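Whatever order the structure lists ligands and atoms in, that order sets their numbers, starting from 1. All of these numbers come straight from a predicted model, not from anything done at the bench.
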Amino acid sequence: MLLLIKHATIFDPEPQGACDLLIGGGKILLMEPDIRVPRKHCEVVDARNLNAVPGFIDGHVHIMGGGGEGGFATRTPDLPLTDAIYGGVTTVVGCLGTDGYTRNMAGLLAKAKGLDEEGISTFVYSGSYGLPLRTLMPTLEEDLLFIDKVIGAGEVALSDHRSSQPTFEAFAQVVAMARRGGMLSGKAGVVNVHLGDGARGLEFLRRILAETELSAAQMLPTHINRNPRLFEEGIAYAKGGGNVDFTTSTLPSYLEDGEIPCAKALRRMLDAGVDPGRITFTSDGQGSLPDWDRHGRLQEISVGRVTSLFPAVRQAVQEEGIPLETALRVITSNPARILKLKAKGRLAPGMDADLVLLDPKDLEVRTVIAKGRMLMKAGRLLAKGMFQ
Ligand code: ZN
């Protein structure tokens with residue numbers, strides 16, 4: 001069955017005016033004005049007065065759960081499909097965090113495949129916070145070469161009391177493995193780097209650029225908005241050609257302690273002259289949000305949500321005056337390019353049929369289509385996870 005979206009205002013994410021979209025076999029087949037197909041061959045969606053934008057890419061989600069930083073009872077649950085749907089998220093990159101022991105690559109990959117069967121697109125990073133990396137195959141290069149869903153390594157923790165305190169050499173070796181495996185497999189081979197509040201900040205990433213032959217394309221540091229000092233380092237790093245990722249899941253206490261809300265962080269980076277193509281947002285969905293006191297004692301713990309991703313982009317438009325097409329890039333074309341997700345992040349014939357219809361007045365997600373299948377229509381959920 002074909003799907004015909006009529007009269008949508010296209011942001012591919014650049015504004016392209018009014019167009020129809022013909023969808024079939026999970027792909028966008030045509031994008032042009034006034035497409036006509038006999039009614040018996042297709043379902044028609046009237047998108048007059050709606051914006052059609054690429055489905056959102058959330059590049060850092062603890063899809064099989066994470067946490068555990070306050071003991072077993074604080075292990076967080078896995079990602080329910082409906083959270084992705086409500087959030088307009090049609091592609092997720094799954095990763096492991098602090099706990100790479102009770103959670104492992106086999107489980108992560110199984111959850112990724114499950115979400116895929118349920119209707120969205122998934123990729124994974126190999127490893128977790130600690131080094132040496134615990135991969136599924138003997139090496140990261142082999143994970144990249146032989147496991148389709150693996151696009152890089154991570155989240156490898158630096159400058160954090162929860163990291164494995166890797167040496168610079170150990171970190172450089174992981175970036176080198178990502179480079180080699182990425183080249184050989186035709187994938188991005190990106191190391192997703194978790195930054196904590198530690199004073200070393202981005203030091204190891206700067207040293208990679210200064211002391212090795214490896215490039216900034218091999219690293220995507222995340223949580224860059226977590227404190228003002230790291231954020232200032234992030235501005236300089238991005239102006240020097242690095243990519244930076246901000247985390248949208250937060251707690252009021254994090255913001256009180258100096259975390260910069262993503263919308264404001266985007267505004268400040270753009271005002272500082274950072275190339276808008278260098279910035280991505282991710283939710284850290286299903287990750288734990290631990291609240292430690294000054295003595296490192298856990299005060300409270302809650303769970304990140306993928307539904308925080310798009311509201312941060314909406315806030316950037318509504319409160320920071322950033323054009324929709326610029327703000328959209330951080331969750332569509334930028335992550336697709338940086339992570340080399342070739343059929344994702346843009347609306348064009350031949351791309352995967354992942355799209356969201358937005359109400360242009362309040363920027364609410366109305367309709368979600370993933371791999372050509374309608375998962376939400378006019379605010380009504382059409383799909384659920386297997387056990388939801
Ligand atoms: Zn992290």
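- With a cut-off of 2.8 Å, the protein N/O/S atoms near the Zn ion (ligand 1) add up to 3.
- In this structure, CG on L81 lies 6.0 Å from CD1 on I120, to the nearest 0.5 angstrom.
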Next item on the list: Could you check D293 against Q299 for side-chain hydrogen bond (donor to acceptor under 3.5 Å, both in side chains), going step by step and ending with a plain yes or no?
Entry: CA-CA 6 Å; D293 70 9; Q299 297 298 297; 3.1 Å; yes
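- E69 pairs by the salt bridge (Lys or Arg N to Asp or Glu O under 4.0 Å) definition with R162, not counting sequence neighbours.
- The shortest distance between side-chain heavy atoms of R305 and D83 falls below 4.5 Å.
- Atom CZ of R179 sits about 13.5 Å away from atom CG of L140, to the nearest 0.5 Å.
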Next item on the list: Could you please spell out the steps behind the side chain to side chain contact (heavy atoms under 4.5 Å, CB included) verdict for L50 and L358?
Entry: CA-CA 6 Å; L50 291 172; L358 292 175; over 6 Å; no
